[in-house]
Each structure stands twice: as structure tokens, then as C-alpha cells.
Asks: 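Dropping a structure here in C-alpha cells format, bear with me for questions.
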Amino acid sequence: MSRLPRSFFARPTLTVARELLGQRFVKLEGRRRLAAIITEVEAYIGESDLACHARAGRTARTEVMYGPPGHLYVYFTYGKHWMLNFVTEREGFPAAVLLRAVAAEEGAGLMRRRRGRSDHLTDGPAKVTQAFAFDKRWNGADLCARDAEAFVETNLPPADEAVKVGPRVGLGNTPEPWLNRLWNFSVQTTRSDHPKV
DNA sequence: GGCCCGATACTCT
DNA sequence: GAGTATCGGGCCC
């Protein structure tokens with residue numbers, strides 16, 4: 001089982017987002033291994049994208065997005081939730097792919113404990129970070145380092161006909177054309193802990 | 001199943 | 001001081 005190298009992330013963000021579908025996101029916690037298949041992602045691309053945090057330019061928060069690809073951009077929102085992104089493109093160009101949903105494969109028991117009594121284990125971006133216990137400390141972590149404790153493993157890609165594209169979610173009053181850019185990618189599945197169709 | 005709303009703290013204006 | 005890449009509970013079908 002091989003891991004996605006930095007060259008995978010150092011490409012156009014839409015390509016990376018689309019090709020992340022079906023791959024396996026892994027976090028090591030000592031002896032424990034949490035793993036899940038990526039089922040929904042969203043692209044945020046550059047300072048001109050008014051839905052991207054980098055629209056405000058380089059700040060302390062967005063610094064990681066300007067850095068080299070293959071790192072995690074983890075930020076806090078809505079007063080309670082953490083969001084996890086994969087930094088993409090070349091160093092100096094701020095872009096990332098938001099991880100919105102996954103399907104648990106390994107460590108589902110631990111994820112369920114962390115999620116409390118909800119049927120929806122990892123079908124939303126804040127649910128994923130809660131189940132995997134990602135927070136501020138992971139901001140800037142390198143997915144491609146030899147000793148990385150979080151990384152993406154290669155897996156069979158989904159069939160083309162199973163892939164859906166749509167507008168990004170939760171952008172509020174972001175103006176057009178950004179509001180309706182089809183930069184959300186998901187795979188249709190049958191289990192309940194997957195994104196809704 | 002869907003809609004509405006409050007929680008909550010961090011970032012930038 | 002406002003806005004926010006969300007969630008879960010309460011309610012109503």
C-alpha cells in the first residue's frame with residue numbers, strides 16, 4: 001500500500017480534489033490506526049476565489065496554504081468546529097482541498113466513541129475532524145514526510161459514473177461566479193455515514 | 001425526511 | 001464588532 005507523494009498534491013487543485021476521491025485517509029495514534037475512504041471534497045483556489053480564505057491575502061491563518069503542497073491546513077470555525085484541508089499547487093500559490101466526508105474503514109469504534117450517539121459518523125467536515133481528533137496542533141503537518149502520522153494511501157479510484165460534481169457547500173453570500181463553481185466532488189455510496197445524495 | 005435556530009471563539013475589518 | 005468552508009436538537013411533517 002503506497003502513500004500519495006508530494007507530486008500528487010503539487011498539481012491543479014481541481015485535479016487533486018477529483019483524484020482524492022476513493023483514496024484512503026489514514027491517521028496513526030500510537031498502535032492504533034484510523035482509516036477511511038475519502039467520499040467528498042471541495043476545492044478552494046487562490047486569492048481570486050472569494051470563497052477561499054486566501055482572498056484576504058497572506059495572514060497568520062492562511063500562511064500554510066501559501067506553503068509547499070502535501071501539508072494539512074487545519075482551521076477553526078463557527079466557534080466550535082475544526083476543518084481539515086490538503087494544501088495543493090506550487091509553493092507560493094494558496095490553494096487547498098477541504099475534506100468534507102469519508103467512509104470509516106478502520107477504527108470505527110473509536111470514531112463512534114468520539115462522535116457520541118450520532119448515526120452520522122463522518123458525513124460532514126466537522127464530523128470527520130471530530131472522529132479523527134484533528135485540531136490546531138495538526139495545522140501545517142506534512143502528509144508526505146517519512147514519519148508522517150497522517151497521510152493518504154493509494155486505493156482503487158471510483159468509477160467515473162459514481163462521481164458527482166456540484167457547487168460548494170455553505171458559502172453563504174459569496175458572490176458569483178464563485179458561489180456556483182462546480183468545485184465539490186463526491187462519490188455516491190449506499191451506507192449511512194456517507195454524504196447525502 | 002427537512003427547516004430553523006442557537007452555540008461559540010477565532011479572524012479580519 | 002461582524003462574519004463565519006457547521007452541528008445537533010427541536011419541531012413538523
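Naming convention: chains lettered A, B, ... in sequence-line order (proteins, then strands); numbering from 1 in each chain. Not measured: the values here are computed from a predicted model.
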Asks: Roughly, in whole Å, what's the span from CD in A:Q130 to P in B:dT8?
Replies: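 After rounding, the gap between these two atoms is 15 Å.
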
Asks: Between A:T13 (side chain only) and A:V97 (backbone N and O only), is there a donor and an acceptor less than 3.5 Å apart?
Replies: no

Asks: Return the 5'-most residue of the pair A:S118, A:G79 with respect to DNA chain C, ranking by each residue's nearest nucleotide.
Replies: A:G79

Asks: To the nearest Å, how far apart are A:H81 NE2 and B:dT11 P?
Replies: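 Taking atom P of B:dT11 as the reference, NE2 of A:H81 is at 16 Å.
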
Asks: Does B:dC12 have its OP1 or OP2 closer than 4.0 Å to a side-chain nitrogen or oxygen of A:T59?
Replies: yes

Asks: What is the distance from NZ of A:K127 to P of C:dT6, rounded to the nearest Å?
Replies: 11 Å

Asks: Ignoring hydrogens and angles, does a donor from either the side chain of A:Y78 or the base of C:dA5 sit under 3.5 Å from an acceptor on the other?
Replies: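 Absent.
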
Asks: How long is the straight-line distance from CG of A:L20 back to CZ of A:F8, given to the nearest 0.5 Å?
Replies: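 Here the interatomic distance stands at 4.0 Å.
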
Asks: State, to 0.1 Å, how close A:F132 and A:K27 come at their nearest heavy-atom pair, and which atoms those are.
Replies: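 Closest heavy-atom pair between A:F132 and A:K27: O-NZ, 2.8 Å.
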
Asks: Mind listing the closest non-hydrogen atom pair of A:Y66 and A:R58 along with its distance?
Replies: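 Where A:Y66 meets A:R58 most closely, the heavy atoms are OH-N, 3.3 Å.
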
Asks: Once you round it to whole Å, what is the distance between P of B:dT13 and CZ of A:R61?
Replies: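 Distance check: A:R61 CZ to B:dT13 P gives 10 Å.
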
Asks: Taking 4.0 Å as the cut-off, does a side-chain nitrogen or oxygen of A:R55 come that near to OP1 or OP2 on B:dC12?
Replies: no

Asks: Of the candidate nucleotides B:dC12, B:dC10, C:dT6, which contains the atom at the shortest distance from the side chain of A:F76?
Replies: B:dC10

Asks: Side-chain N or O of A:H53 less than 4.0 angstrom from OP1 or OP2 on C:dA5?
Replies: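 So the side-chain polar atoms of A:H53 do come within 4.0 Å of the phosphate oxygens OP1 or OP2 of C:dA5, strictly under.
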
Asks: OH of A:Y44 versus C1' of C:dT4: gap in Å, rounded?
Replies: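 Going from A:Y44 (OH) to C:dT4 (C1'), I get 12 Å.
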
Asks: Write down the distance between CZ (A:R114) and C1' (C:dG8), rounded to a whole number of angstrom.
Replies: 20 Å

Asks: In terms of side-chain heavy atoms of A:K80, which of B:dA7, C:dA5, C:dG8 is nearest?
Replies: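 Comparing B:dA7, C:dA5, C:dG8 against the side chain of A:K80, the answer is B:dA7.
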
Asks: The criterion is side-chain contact (heavy atoms from CB on, under 4.5 Å); which residues satisfy it with A:L28, sequence neighbours excluded?
Replies: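 side-chain contact (heavy atoms from CB on, under 4.5 Å) check on A:L28 returns A:V26, A:R33, A:F151.
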
Asks: Assign A:A126 to base, sugar-phosphate, or nothing according to its heavy-atom contacts below 4.0 angstrom with the strands shown.
Replies: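 Here A:A126 touches the backbone only, sparing every base.
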
Asks: Using a 3.5 Å limit on both pairing distances, list the dot-bracket string of DNA chain B from the 5' end; Watson-Crick and G-U wobble pairs count, crossing pairs take [ ], interstrand pairs take |.
Replies: |||||||.||||.

Asks: Is the side chain of A:R181 donor-acceptor paired with the backbone N or O of A:W178 at a distance under 3.5 Å, no angle test?
Replies: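 Checked: no pair found.
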
Asks: At less than 4.0 Å, is any side-chain N or O atom of A:R100 found next to OP1 or OP2 of C:dT6? Yes or no.
Replies: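 For A:R100, the contact criterion (side-chain N or O under 4.0 Å from OP1 or OP2 of C:dT6) is met.
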
Asks: Rounded to the Å, how far apart are A:D49 CG and C:dA5 C1'?
Replies: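 In whole Å, C:dA5 C1' lies 10 Å from A:D49 CG.
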
Asks: Counting distance only, does the side-chain N/O of A:E42 pair as donor-acceptor with the main-chain N or O of A:R100 below 3.5 Å?
Replies: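 It does not hold such a pair.
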
Asks: In whole angstroms, how far is the C1' atom of B:dC10 from the NZ atom of A:K136?
Replies: 8 Å

